[in-house]
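All figures in this text were calculated on a predicted structure; none of them were measured in a lab. So that the names make sense, note that chain A is the first sequence line, chain B the second, and so on, each numbered from 1.
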Amino acid sequence: MTDTVEYNGITLHKQSEYVWEITQTGEMRSPARVFASEKLLSEIGDDDTLQQLVNATHLPGITKYAICMPDGHQGYGFPVGGVGAMDTTDGCISPGAVGFDINCGVRMMRTNLSYSDVEGREKALVNRLFETIPSGLGGGGVISGDRKTVEAILTDGMKWALANGYATPDDLSHCEDGGWRPDAAPEHVSEKAKNRGEKQIGSLGSGNHFLEVQRVTDIYRDDVAAAFGLQPEQIVVLIHCGSRGLGHQICSDYVRKIEKGHPELLAALPDKELAAAPAGSELATAYYGAMCAAINFAWVNRQVIMHQTRQVFAEIFDQSPQALEMELLYDVAHNIAKKEVHTVNGRDRELYVHRKGATRAFPAGRKEVPEAYRTVGQPIIIPGSMGTGSYILRGGENSLALSFGSTAHGAGRVMSRTQAKKQFWGETVRDELEETQHVYVKAQSGATVAEEAPGVYKDVDEVVRVSDALGIGDTVARTFPVCNIKG
DNA sequence: ATGTGC
C-alpha cells in the first residue's frame, strides 16, 4: 500500500482508507483533505481540482481543513465537491465557494405506484411531463411573476408556495430548513437578478438539470428505508435544478463587488476567482442576505415543478395526488453557504459552512434534521447518471467530526461538455438508453443529452461506497431511471 | 450552472 501519491506536483499523504491529506505549507492557513478511493483520487488529480483545494486553504478563517469529496472536480475558483468552513467573526464568505447556481439541489417525491403501474405508459408520462414543465435556456416558467411575486418568494421561500396553493404543510416540514431561510434580504438582490427571476418561476433549466421518474431497486438499511417510506419497485420522482438566472446574476454581481470592495483580501489569495468578503463587512452581510434569498427562490422553483408533476401524474393515472401519496421525501441543497455551529477542538463555533457541489449530511439527533427523520438522520439524495441510477443515503455518525456534516452530491463529471459532444451523439445516446435499459429520455436539445451521457460521469457506486465506508453518509436505497426530461 | 461577456 502506498502512503504518498503525487498529482500535478501536489503530494497527498494517506491517513487511512479513503482519507488523503495535503500538508499545510507556505501561505496555506490549514491542511486540506480529500475523501476518495485510489481510483477516484486519480480522476480528481487529473485536472486543477487539487490546486483549487490548496488555494481554498488560503481563505481567512478556514477551519480544520478544506475538503474535497469523492465526486470532486474543478470549478470556478473552488472545487465542485468542496467544503470550507470559515469563522463568522474573523473569517470570510466567498461567492466562488458557493457556486453560480445558488441552491442548486435535488428533491425526491414518493408515490404509492409500483413500476408495474408505469410500465408501458412511460412515453405518455414523459411527453406530458415535458409539455407541463418548462425546460431549457429561456423558455419561461410555470408562473409569470411580477416584481412583487418575486420579492415575496425571495423573502418567504416555500411559505409563499404554501400560501399560493403550490405546496402542502407536509412539503415544508420535509424540506431542509422548512423551505425558508429567514436571513434572506431581497433588498440586496439587484434589479437585474429580480428581472431574470420573474420569468423563471417553475423552470428546470439546462445542463445537468433534469426531472426523472425512477423505481426503487435496492434497499440497504431496512429500518431507515421504512422511516423514509421507501420500498422495492416503488415509483419516486427526482427533481434536480436551482435558482436559474436569478442565482447566477447574484453570484456575478457579488463576485464583482467583492473583487472591487476588498482588494487587500483579494491580493492575498492565489486565485481571484476565490474573491471573499471579510466576516462582518457590509458586503459579507449583503451577499449572505442575497444568497439566502436565492436559496428561497430555488426551493420555490423545485416546489412549483413538483406541483406540476403532481398534476401530470393525477391526469395520467386518473387519481388525485393525495390518493397517489405524492409526498416530498426531502430536498437537499448542493450550492450554499450557511451559518452553522460546529464543535472544533472542544469549542462550539459559528461558521459559514460553504458546500459547493456537496450536501449537508447531518446525523440523527441534530436539531436541524426534520422531526420525521431526527432519530435516523437526514435523507441525502445523490443523483447518478441517466444510465446508472441514484442513491438515497442518510446522514452518517462521523459526518460532524470529519466533514462539518457533509457528503458528496453526485457522480461528478470525468469529461468536459466539449469533450462529451465530440465523443457522443445525443440521438444515439437516447436510443440506446431506450432500447437496452428501457429508460425514456426527452430533451430540448440533443447536445444536452450528449453532454449528460452516462459515460461522462464518474462511478456513482464508488462515490457512495466511500461516503458509506467513512460513515459520513450511509446508503439506504438505490433507484433506477424510468423516464427523464431535461433542457 | 448561465439571455454561454469586457
Could you tell me whether A:Trp20 and A:Phe35 have their ring centroids closer than 6.0 angstrom?
-> no
A:Gln444 CD to B:dT2 C1', straight-line distance once rounded to whole Å = 16 Å
Just call it for A:Ser206: base, sugar-phosphate, or nothing, with non-hydrogen atoms closer than 4.0 Å on any strand.
-> sugar-phosphate
Nearest-angstrom distance from the residue atom CD of A:Gln249 to P of B:dT4 = 11 Å
Checking all strands, does A:Gln200 fall into the base, sugar-phosphate, or nothing category for heavy-atom contacts under 4.0 angstrom?
-> sugar-phosphate
To the nearest 0.5 Å, tell me how far A:Leu329 CG sits from A:His174 NE2.
-> 8.0 Å
Test: A:Lys64 cationic atom under 6.0 Å from A:Phe404 six-membered ring centre, within 45° of axis = yes
Whole-Å distance separating the CZ atom of A:Phe100 from the P atom of B:dT2 = 12 Å
Give A:Gly207 one of three labels, base, sugar-phosphate or nothing, depending on what nucleic acid heavy atoms sit under 4.0 Å from its own.
-> sugar-phosphate
Check the distance between B:dC6's C1' and A:Lys260's NZ and give it to me in whole angstrom.
-> 11 Å
Using whole Å, report how far CD of A:Glu259 lies from C1' of B:dG5.
-> 14 Å
Residues two or more places apart in sequence or in another chain: which of them pass side chain to side chain contact (heavy atoms under 4.5 Å, CB included) with A:Ser190?
-> A:Lys192, A:Ala193, A:Gln249, A:Asp253
Report the distance from atom CG of A:Asn195 to atom C1' of B:dT2, rounded to the nearest whole Å.
-> 16 Å
How is A:Gly245 classified with respect to the nucleic acid when contacts are heavy atoms under 4.0 Å: base, sugar-phosphate, or nothing?
-> sugar-phosphate
Indicate, with a heavy-atom threshold strictly under 4.0 Å, whether A:Arg417 touches base, sugar-phosphate, or nothing.
-> sugar-phosphate
Separation of A:Met306 CE from A:Gln311 CD (nearest 0.5 Å) | 10.5 Å
Integer-rounded Å distance: B:dC6 P and A:Asp253 CG = 17 Å
A:Arg413 vs A:Leu137, nearer the 5' end of DNA chain B by closest nucleotide = A:Arg413
How many Å lie between NE2 on A:His209 and P on B:dT4, as a whole number?
-> 17 Å
